[in-house]
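Everything below concerns the one structure shown next.
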Amino acid sequence: MSDMIEQFHTKEDFDVYWKEHYVPLTYADVKDAYEDFVKASDKHIFLSDYEEGGAVSREDFMDNLSQAAQFTFQDSLTEAFYEKNPDLYETAFAIYEEEQMNGAGDSNIAAVFHEEYHRLYGEFLLEMYDACYK
């Protein structure tokens, strides 16, 4: 794995690799998994005290997802990301592990991967909300 760090000395090195290899994801890539989970849960995907209040809103629902919902949505996104970008995913993960093992966790060479993953997670949850709760 140390060869990953050698290949990508800097964040800029990995960013170039990212631009050359990243295959974008859309909500269609996770739609069935997200919406099937909501339907199977009979729309009960929130923390009980939030849901009992009856004021599920687009502005704060993400902060009140149950642990099962969070895991399901994250796992579905990870699977979709891996399906479209297996080499990129494995490379980013290997770099992350190498940085953690060597105490270089602050360098965050593969930051663009993590930023895109979190951006997609938020964007796709909003699309799921609009599809299932409006």
Aromatic ring proximity F73/Y34, centre distance under 6.0 Å:
yes
Compare every heavy atom of I109 with every heavy atom of T10, then report the nearest pair and how far apart it is.
O-CG2, 3.5 Å
Non-hydrogen atoms of C132 and E35 that approach each other most closely:
SG-CG, 3.6 Å
What are the two closest non-hydrogen atoms of L77 and V30, and how far apart are they?
CA-CG1, 4.0 Å
Under the rule for side chain to side chain contact (heavy atoms under 4.5 Å, CB included), what residues qualify as partners of E83, not counting sequence neighbours?
none
Same cluster or not: F81 versus Y96, using hydrophobic residues (I, L, V, M, F, W, Y) connected whenever any side-chain heavy atoms lie under 4.5 Å apart?
no
Same cluster for Y82 and V23 if Ile/Leu/Val/Met/Phe/Trp/Tyr side chains link at under 4.5 Å?
no
Residues two or more places apart in sequence or in another chain: which of them pass side chain to side chain contact (heavy atoms under 4.5 Å, CB included) with V112?
F14, D15, W18
Hydrophobic cluster identity match, Y50 and M128, side-chain contacts under 4.5 Å
yes
Hey, mind stepping through D29 and K84 against side-chain contact (heavy atoms from CB on, under 4.5 Å) and telling me if it holds?
CA-CA 9 Å; D29 295 314; K84 281 195 162 183; 3.1 Å; yes
Enclosure of K31 NZ (heavy-atom neighbours >12, cutoff 6.0 Å)
no
With sequence neighbours excluded, tell me which residues meet salt bridge (charged side-chain N to carboxylate O under 4.0 Å, His left out) with E115.
none
Under 3.5 Å, side chain of K11 to main-chain N/O of N108, donor-acceptor pair present?
no
Here the side-chain hydrogen bond (donor to acceptor under 3.5 Å, both in side chains) pairs for residues 62-81, sequence neighbours left out, are T78-Y117
Side chain to side chain contact (heavy atoms under 4.5 Å, CB included) with S48: which residues, sequence neighbours excluded?
E52
Indicate if L120 and L126 have the same hydrophobic cluster label, given that clusters are the connected sets of ILVMFWY residues with side-chain heavy-atom separations under 4.5 angstrom.
yes
Which residue pairs satisfy the side-chain hydrogen bond (donor to acceptor under 3.5 Å, both in side chains) criterion with at least one member in residues 124-134, sequence neighbours excluded?
R58-D130
